[in-house]
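Okay, so here's the structure we're looking at.
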Protein chains: 2
Amino acid sequence: MSALQTPPRLAPDTLRIIPLGGLGDIGRNMTVFEINGKLLVVDCGVLFPEDDQPGVDLILPGLDYLDDRLDDIVGLVLTHGHEDHIGAVPYLLRRRQDIPLYGSKLTLAFVDGKLREHRLRDTAMYHQVVEGDTVVAGPFELEFFAVNHSIPDALAVAIKTSAGVVLHTGDFKMDQLPLDKRITDLRGFARLSSDERGVDLLMADSTNADVAGFTLPEKDIEPALERVFGQAPQKLVVACFASHVHRVQQILNLAVRHGRKVVYVGRSMVRNMTTAQELGYLKVPGGTLIELNDIEQYPEDQVVVISTGSQGEPLSALARMANREHPIVQVGSGDTVLLASSLIPGNENAVYRVINGLTRLGVTVVHKGNALVHTSGHASAGELLYTYNVVKPRNALPVHGEARHLVANAKLAQATGIPADHTIVAEDGDVIDLADGIARRTGRVDASYIFVDGTTVGDVTETSLTDRRILGEEGFISVIAAVDLRSQTIVAGPDINARGFLEDPTIFDSITEDIRGALNDALEEGVDDPHRLQQLVRRVIGRWVSRTYRKRPMIVPVVIAV
Amino acid sequence: MSALQTPPRLAPDTLRIIPLGGLGDIGRNMTVFEINGKLLVVDCGVLFPEDDQPGVDLILPGLDYLDDRLDDIVGLVLTHGHEDHIGAVPYLLRRRQDIPLYGSKLTLAFVDGKLREHRLRDTAMYHQVVEGDTVVAGPFELEFFAVNHSIPDALAVAIKTSAGVVLHTGDFKMDQLPLDKRITDLRGFARLSSDERGVDLLMADSTNADVAGFTLPEKDIEPALERVFGQAPQKLVVACFASHVHRVQQILNLAVRHGRKVVYVGRSMVRNMTTAQELGYLKVPGGTLIELNDIEQYPEDQVVVISTGSQGEPLSALARMANREHPIVQVGSGDTVLLASSLIPGNENAVYRVINGLTRLGVTVVHKGNALVHTSGHASAGELLYTYNVVKPRNALPVHGEARHLVANAKLAQATGIPADHTIVAEDGDVIDLADGIARRTGRVDASYIFVDGTTVGDVTETSLTDRRILGEEGFISVIAAVDLRSQTIVAGPDINARGFLEDPTIFDSITEDIRGALNDALEEGVDDPHRLQQLVRRVIGRWVSRTYRKRPMIVPVVIAV
């Protein structure tokens with residue numbers, strides 16, 4: 001990441017745009033807009049950690065940037081209800097509880113569930129909006145547009161200011177025959193761009209910008225799903241994302257057609273689908289749903305279990321089925337498991353572990369790798385070209401993606417005629433100022449990862465993670481000795497303990513004597529600083545372990561003076 | 001894994017087959033054949049560790065099973081020179097150095113390089129074979145067949161015994177127009193199966209058994225490679241596997257056609273390609289190769305760098321280029337990097353990290369995800385069907401794969417008419433006995449993972465790995481105190497140190513006092529066992545950390561009596 005560089009003082013009627021997350025990662029989406037002293041925030045999501053962030057539960061966007069400006073925030077717009085767009089809302093509201101929240105009905109319902117868990121519900125200021133609405137929040141006029149995505153009720157937002165108009169797509173795709181008939185409002189985009197002001201800046205979802213062509217329509221996976229239902233002779237378990245209401249609707253429809261009752265398994269699946277049904281986003285014919293505890297009352301071929309765990313999460317219902325550890329749902333020879341989900345990069349090993357576990361039990365596993373049972377929720381290159389050609393923005397700032405996705409999106413923008421110097425490939429923390437129809441990078445602010453670990457937020461740092469990586473790869477060796485500085489003698493130890501290294505304690509016998517000798521020599525020479533004695537111990541054992549085992553475990557020497 | 005179960009005493013003229021690796025994993029391939037007191041081993045490879053085996057360098061097949069039988073081994077057949085088939089040879093030869101090694105010229109040359117590094121070369125007993133050869137090793141008559149794979153000179157082996165004939169394919173595919181014109185010898189398979197004895201058991205490569213259709217021919221990726229060469233305006237770096245001689249040959253041919261000199265980067269690339277060229281497997285026109293140090297003497301558009309690092313290995317040449325840390329090869333805006341390689345599951349994050357790093361530098365990155373620049377080395381379902389239909393074995397024992405691959409391969413065997421009860425889906429350690437044309441599972445032996453870690457083999461155990469996983473996720477807290485048991489007082493400490501936990505040492509202030517109090521109380525009550533005092537310390541701090549932080553770091557209490 002490039003060095004920080006204080007942006008210039010913001011001139012009146014200039015719009016400042018600061019992505020605090022989501023540019024460089026798929027996740028923790030958040031952008032701050034500022035004009036004439038007021039701030040608008042769009043999305044506030046989490047990023048899930050990778051292998052090199054061990055022990056971390058969640059990663060937040062650069063919320064710290066807002067700490068001095070909390071009172072200037074006039075609103076937080078939430079484009080849709082996925083975790084990478086709403087997951088960090090509680091952490092922002094902990095800093096100021098009454099930030100006005102703008103979002104669609106389902107999005108706010110999912111946010112509400114989250115705020116309840118964090119005991120922030122009572123103070124939340126909800127402003128429910130629907131596509132077509134225009135609302136004013138301080139110096140920002142917001143217009144909302146329907147977009148189609150892998151969760152219902154997603155919105156794009158046009159942000160109209162005295163400095164110009166920005167269109168932020170949120171996450172979207174352009175399925176032309178979606179299950180709920182709610183298509184991305186390309187006509188609205190066209191109207192916005194035909195307006196005399198036009199669109200100064202388009203911020204479009206980059207997730208699938210490096211995928212050629214068009215994202216497969218949801219309805220095109222129905223034949224493969226139908227085939228699974230038609231061929232499953234016994235128990236059928238379907239795993240998918242707990243927020244993918246349309247996918248669950250497809251499964252429900254198939255269940256009714258094939259005479260199977262439906263049971264939800266997994267806390268988030270039960271909670272979200274209950275919410276979606278209550279709000280009318282999920283249509284469930286009466287008598288279809290049954291309780292998990294009643295499952296044994298139905299023949300195996302008359303039930304379908306809809307479960308979480310499609311990403312191989314080790315504690316999920318599906319992983320427990322694969323390990324024969326689920327308390328109620330047992331699967332075995334002749335049963336079928338369908339993973340109607342994507343395979344998020346980084347989760348492959350976990351997912352294949354579950355598939356192998358199920359296969360060993362004799363289960364037939366149908367997944368994205370062997371059948372057309374999933375399609376993405378994001379616009380591919382072809383759809384983005386349509387979007388650029390309809391919106392005709394003066395500038396493009398690709399959002400939502402790793403560097404490779406943002407660059408691919410920028411190339412599409414340029415292919416439709418946006419000049420390269422009006423196409424900004426930015427990263428989190430970059431400051432972009434828009435005035436007179438031109439967007440320019442003018443500085444950088446801190447947008448570092450904030451780690452949530454257990455109950456702590458921001459207390460686990462890169463230093464802790466570096467230590468964890470060393471400990472996790474190599475383990476540690478501790479050497480403890482007590483010395484009497486007056487008599488210049490060792491009174492206890494040295495005792496060597498190792499964890500995560502080799503199991504056999506006798507390997508330390510000879511080096512224990514070497515350390516004893518080195519300590520005695522140093523004490524005799526009059527060294528009376530326990531810290532220097534510790535350094536000596538570290539050197540002696542560090543050299544030995546590196547030479548003998550070609551390993552570099554963490555060395556923890558403790559010399560206590562008594 | 002099912003429990004061990006001693007197999008019955010082996011009757012005369014019964015062939016026993018024990019997979020000691022490769023059935024349940026892609027890697028550590030090894031199978032032992034036994035008849036009339038003599039043993040033949042086929043392949044001896046390594047498995048590369050996953051995230052849940054932190055710090056491990058390599059995983060060996062179940063070599064320990066052979067420890068009591070080393071003198072009975074009449075030969076080790078190596079089907080080809082990939083690490084997952086030859087990587088563990090040094091570890092077997094350390095146990096008995098003069099085991100006769102059978103393999104093709106290139107395979108033995110790669111083995112030879114490996115044995116030199118392990119200082120085992122002088123005692124190695126090489127028996128070079130070529131397709132069509134028949135050799136006798138004790139009670140085993142071996143016939144070798146050419147097979148086509150992603151490394152030259154790969155062989156299948158028929159093992160003929162008084163109990164029946166087994167055909168082991170090794171790794172193979174059936175490219176019908178391969179670059180070196182050396183096709184898998186289906187005519188030979190047909191002759192073997194038409195012989196009056198026929199084939200009792202087929203052991204076929206399962207890696208791509210769950211991939212429908214046919215593996216794309218190597219030559220079909222040439223247009224995409226050609227396009228990369230044609231469009232690269234400046235520097236061009238191609239990364240591929242260091243053993244993929246044919247892929248390198250394609251790159252070399254393109255380099256010559258496009259007037260670019262070639263430089264190898266990466267130790268294994270230099271070593272393998274030098275060997276391949278010396279032995280005639282790689283044809284390099286004179287004047288094509290240049291030295292890395294001379295690269296600056298040529299214009300950027302007249303050089304191609306062929307590099308290791310296609311799997312994102314953090315220390316590889318390519319990863320260092322992506323981080324701007326390579327001492328000689330710098331890449332930047334306008335340069336092109338081509339990853340002409342597969343993306344092995346589990347490596348996605350590492351590979352995308354490299355791609356994102358290069359993209360941020362302005363490099364155009366072409367890879368499997370956005371162009372047709374790689375094809376697999378393994379037979380897909382369609383090719384396996386041909387194989388079963390030509391070989392017509394009485395029994396099938398799928399090899400080389402995770403459970404999902406083995407099951408998919410078994411289903412293909414059954415589809416061609418092999419009865420289900422003659423189709424054995426086994427796992428490492430299963431004992432299969434073949435007699436009278438019937439193969440049956442008769443027991444289980446130990447084939448556990450053997451971990452190589454630094455210089456140690458087998459000394460790192462599951463216990464060490466469990467400790468590493470805890471340390472890597474949560475870190476540790478150590479509490480050290482010295483007590484005088486006579487005076488019943490604490491003479492030093494308690495000192496609390498944490499690593500990989502939270503950074504702020506002041507968080508321990510209050511709990512330090514609690515521990516001091518608890519120790520003092522216990523000492524006053526007459527507790528004089530340091531171990532019991534340690535347990536007390538563990539309880540006090542463990543409860544506190546779990547309650548306060550909802551974390552479970554490793555707690556290391558040390559109470560020294562002085």
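Since the model is a prediction, treat every value here as computed from it, not as a measurement. Just so we're on the same page: letters track the sequence lines, and every chain starts at 1.
Heavy-atom pairs under 4.5 Å with chain B were tallied for A:Gly493, A:Ser464, A:Gly362; the largest tally goes to A:Ser464. For the set A:Asp467, A:Ile507, A:Thr463, A:Leu465, the count of heavy-atom pairs under 4.5 angstrom toward chain B peaks at A:Asp467. When the candidates A:Asp52, A:Asp484, A:Val351 are compared by the number of heavy-atom contacts under 4.5 Å with chain B, A:Asp52 comes out ahead. Residue with the most contacts toward chain B among A:Ile470, A:Val425, A:Val491, A:Thr456: A:Thr456 (heavy-atom pairs, distance under 4.5 Å). Looking only at heavy-atom pairs under 4.5 Å with chain B, the residue among A:Arg550, A:Gln53, A:Glu474, A:Arg552 that has the most is A:Arg550. Each of B:Val211, B:Asn370, B:Asn347, B:Asp453 has some count of heavy-atom pairs under 4.5 Å with chain A, and the biggest count is that of B:Asp453.
The parts of B:Glu402 that come within reach of chain A are both its backbone and its side chain, each placing non-hydrogen atoms under 4.5 angstrom from that chain. Within the 4.5 angstrom heavy-atom criterion, atoms from both the backbone and the side chain of B:Asp459 approach chain A. If you measure heavy-atom distances from A:Ala561 to chain B, the contacts under 4.5 Å come from the backbone alone.
No side-chain heavy atom of A:Arg468 sits less than 4.5 Å from a side-chain heavy atom of B:Glu473. A:Ile560 is listed as a side-chain neighbour of B:Ile480, based on a closest heavy-atom distance under 4.5 Å. Two residues are said to be in side-chain contact when any heavy atoms from C-beta on lie closer than 4.5 Å; B:Thr548 and A:Thr455 fail this criterion. The closest side-chain heavy-atom distance from B:Asn349 to A:Asp51 is below 4.5 Å. Contact annotation: the side chain of A:Tyr352 approaches that of B:Pro345 to within less than 4.5 Å [non-hydrogen atoms, C-beta and beyond]. Considering only heavy atoms from C-beta on, B:Glu50 comes within 4.5 Å of A:Arg353 through its side chain. A:Val558 has its side chain out of reach of B:Asp495: every pair of non-hydrogen atoms, C-beta onward, lies at least 4.5 Å apart.
Residues B:Arg360 and A:Ala403 come closest through the heavy atom pair CG-CB, 3.8 Å. Of all the heavy atoms in B:Val460 and A:Phe501, the pair that sits closest is CG2-O, 4.4 Å.
Geometric assessment of B:Arg499 against the ring of A:Phe476 yields a negative cation-pi assignment under the 6.0 Å and 45° thresholds.
B:Val407 pairs with exactly one of A:Thr359, A:Thr364, A:Val365, A:Asn356 by the side chain to side chain contact (heavy atoms under 4.5 Å, CB included) rule, that one being A:Thr359.
The CD1 atom of A:Ile355 sits 9.0 Å away from atom NE2 of B:His405, with the distance rounded to the nearest 0.5 Å.
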